[in-house]
Amino acid sequence: MFRRVPRAWPGLEREGFMSLAHLMQQRRARIAAWKALGCDPYAYRFEVTHHAADLHARGEAVTTELGERVRIAGRVMTVRGHGKAGFAHLVDATGRIQAYFKSDVMGEQFRRYELVDVGDWIGVEGPIFRTRTGEITVRADQVELLAKSIRPLPEKWHGLTDPETRFRQRYADLFVNLDVRETFRRRSRLTSGIRAFLDARGYLEVETPVLQPLYGGAFARPFVTRHNALDVELYLRISNELYLKRLIVGGLDRVYEFSRNFRNEGMDRSHNPEFTLLEYYQAFADVNDMMELTEALVCEALQAACGTLQVPYQGRTLDFSRPWKRVSMLDAVSEKVGESVHDLDPVRLARHAARFDLHPRAGTGAGGMLDELFSTLVQPELQDAAFVVDFPIETSPLARVHRGNPAVVERFELFAAGMELANAFSEQNDPDAQRAAFEAQGAARERGDDEAQALDEDYLRALEYGMPPTGGVGIGIDRLAMLATDSRTIRDVVLFPQLRPEEGRPVADDLEDVEDEAPPA
RNA sequence: GACCCGUUAGCUCAGUCGGUAGAGCACCUGACUUUUAAUCAGGGAGUCGCUGGUUCGAUCCCAGCACGGGUCACCA
C-alpha cells in the first residue's frame, strides 16, 4: 500500500534510498535505451491478427514445425532468459501465450527483446510452433514495444492478495489475477442475458433520473447533493420505481432499467453504497405473472452466465431449477414460533420476538416484528431459490392489498443463499389508496422513522390520470452476480467498490518529483 | 457505531523475551540458444502505518490516530 510520507524528506537524493523509486528509475532508464534503438516506447498502433485463445484453440494442429505467421500483442508477465535466446509469457484479453526469442533468428531485433521488462506491453510477429515441452509458442522474429511499464508488478507466484490493494488498484488486480476478469465477464453475460430476455418480450429499456428532487420507492437514507444553477438540493436516487411507473401511466406498457442506486448506509458483505437494481414493470400483469416471468428471467440469465441452474456457491450447490419453492411468510414464521401468527397480533409477535432475543425498535408494528422474526428464523434457511409471499401491509406502501386476504399485500421476494435477491408487487394504482399509504408513512416519519417514504405529489398526479394494473419487480444485480460468480462479497463483483480515500499522494509520485528536479549525474 | 485482528523491501511473508531487521519472488551484474515458479554465481534495495509516552535505547511495551479485514449493530 501507499504510505504517507513527508513531501521533502532529507536524504531523498541519496542513491537507492527507497526501493520503489529505485526500481522505477531503472525502468525509466530503459525508455532512453528504446529510443536509442529508434523505437517509440509508446506506440500508436499494432496490427493484431490473433489472440492467445485463437492459438491455443488450434490444439494438435500446431506441431514442432514452424507454422502460420501471426501477430499477437499483450502484457509481458514473465521473462526467462537463456543467453542468446529467451522465453516470455504475454497476457492478452483471452489469456496467456508464450513467445520465443532467438538471437540467430532475430538478428538486430534481439536487442529489443533484451530491453523488455516484465509489465511492458509488446507486440510480436512470427510463426507458431510447439516447443519440446509441448507449449504452443510464437517464435518471434519481430518485436515492438507498445507501451513501457515503469512501475514494478506484484509478485508472479503469490500475486496480489491484499484486498485493499486489489480494490484500490483494480487495474492491477485484473492483469495479475486473471480469474477476476472471468468474474466480470460472467457478470456481463448475466446482464446481457437479462437484456436479451426482456427485449425479446417487448420491453423497452429506459433511463430515468439519478438526480431526484424527492427520493422515493424504497426505505433508505439518501445521499444529498446540490445543483448550483437551480440552487436546489437534490438526492441521488435510492430507487427508480416511481419513475418507471410514471412511464406505465404514459403508456409505455413494458419498461425496464438497470438502475444504479445510492443508499447512505453501512457497508458489509452484501451492501455497497452504490449498487445496481434491475427494475421491470409490465402493464396488465399482476404479481403472479411477474413471479412466472422472474423465474424464467433469472433462469435464462444464470444459464447464460454459468451454463447451469445448479449453481455452486461457497461450498454448496444452490438449486435454481424450476419451479422454485413458494413460501408464505406467515406460514413459515408460524411454523418456527410454534403457533399461528396469521392474525398479526402485535402482543403475541412481541412475545415471540423477545423469546428469540430480538429487540425491535420502539414503535415497530406487527409487520415490522413479523419481518424481524422472518429475517432471523427463516431467511438463513432459504438457500435454494425460493419465493416468499404474504407480506404485511405496513412494510409495503407501494403494493396492493391481497385479493384474498386483506391483512397482507400482493408481493413476493426471491431468496437464495439466504440473501434477498428480488422484490415485486401488484403495484398500487389507486391514487387515493396510494395517498393514504404515503400519509401513513408521513406519520411514521413524525414518529422518528427517518427512512419512511415521502409523499410525492407528482407521482400521485400521475396515478390520478390512471395507471393500468401493473406488476413490477426489482432484482439486486450485484447479489445475483455474487451467486453467479461464487463470490463471497459484493465487493468482488463491483469493479471499484467504495473505500475510504487514500490520504495524500502515492509515495512514488512524491519521490519522482524530487528526482525529476535533480540535476543529471 | 461497538468489539476483535492486521499494517515489516515493489509483491508474499518471517522475526526481534527492548540493543534500528530477514527469506522467497521481483530488481541489477555475470553465465546459459526449447524454458515455463528456468537454473547457477554475485549484488543492491527498508523513517518495521503515523503521532506521542515509558526507557540509556522502541519496529518490538503503552496510549491515541489513520487505513484495511472480520464479527455484530444499522440496513423492509
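Here the structure is a predicted model, which is why all the values come from computation and not from measurement. Letters A, B, ... mirror the listed sequences (proteins, then strands); counts begin at 1.
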Rounded distance in Å - CZ (A:Phe275) to C1' (B:rC75): 11 Å

Contact class for A:Phe415 (heavy atom, under 4.0 Å): base, sugar-phosphate, or nothing? nothing

Ignoring hydrogens and angles, are the base of B:rC74 and the side chain of A:Asp268 linked by a donor-acceptor pair under 3.5 Å? yes

Quick one: the side chain of A:His158 and the base of B:rC11, do they pair up donor-acceptor inside 3.5 Å? no

In terms of side-chain heavy atoms of A:Gln98, which of B:rU12, B:rU35, B:rA37 is nearest? B:rU35

With no hydrogens and no angle check, do the side chains of A:His271 and A:Arg479 hold a donor and an acceptor under 3.5 Å apart? yes

Please state whether the phosphate of B:rC27, meaning OP1 or OP2, lies under 4.0 angstrom from any side-chain nitrogen or oxygen of A:Arg151. no

Which is true for A:Ala218 with a 4.0 Å heavy-atom rule: it touches a base, it touches only sugar-phosphate, or it touches nothing? nothing

Side chains of A:Asp492 and A:Thr489 only: does a donor on one sit below 3.5 Å from an acceptor on the other? yes

Scan every strand shown for a Watson-Crick or G-U wobble partner of B:rA73, both distances under 3.5 Å, and answer none if you come up empty. none

May I ask you to verify if any side-chain N or O of A:Arg80 is less than 4.0 angstrom from the OP1 or OP2 atom of B:rU35? no

Between B:rC75 and A:Arg263, is there an OP1 or OP2 to side-chain N/O distance shorter than 4.0 Å? no

For B:rC13, the Watson-Crick or wobble partner whose two distances fall under 3.5 Å: B:rG22

Neighbour count >12 (heavy atoms, 6.0 Å) for atom CD, A:Glu335: no

Do A:Arg80 and A:Gln98 get their side chains close enough for a donor-acceptor pair, meaning under 3.5 Å? yes

Say you pick atom P in B:rA23 and the same atom in B:rA41; how far apart are they, in whole Å? 15 Å

Under 4.0 angstrom, heavy atoms only, what part of the nucleic acid is A:Arg96 near: base, sugar-phosphate, or nothing? nothing

OP1 or OP2 of B:rA26 less than 4.0 angstrom from a side-chain nitrogen or oxygen of A:Lys156, does that happen here? yes

Without hydrogens or angle criteria, can the side chains of A:Tyr113 and A:Ser103 be said to hold a donor-acceptor pair below 3.5 Å? no

Hunt down the Watson-Crick or G-U wobble partner of B:rA66, both distances under 3.5 Å, from any strand shown, or write none. B:rU7

Test item: side-chain donor near acceptor, A:Asn261 and A:Glu274, under 3.5 Å: no

Distance below 4.0 Å between A:Arg488 side-chain N/O and B:rG70 OP1 or OP2: yes

Under 4.0 Å: is that the gap between some side-chain N or O of A:Thr131 and OP1 or OP2 of B:rU35? no

Any side-chain N or O of A:Arg168 less than 4.0 Å from the OP1 or OP2 oxygen of B:rG68? yes

Please report the distance separating the C1' of B:rG6 from the corresponding atom of B:rC65, rounded so that it comes out in whole Å. 16 Å

What is the pairing partner of B:rC32, taking Watson-Crick or G-U wobble pairs with both distances under 3.5 Å in any strand? none

If you measure from the C1' atom in B:rA73 to the same atom in B:rU8, how many Å do you get, rounded? 34 Å

Identify, between A:Phe129 and A:Pro154, the residue whose nearest nucleotide on RNA chain B lies closer to the 5' end. A:Pro154

B:rU34 base to A:Arg132 side chain: any donor-acceptor pair below 3.5 Å? no

What integer number of Å spans the P atoms of B:rC50 and B:rC60? 10 Å

Touch check for A:Gly86, heavy atoms < 4.0 angstrom, all strands: base, sugar-phosphate only, or nothing? nothing

C1' gap between B:rA63 and B:rA26, integer Å: 38 Å

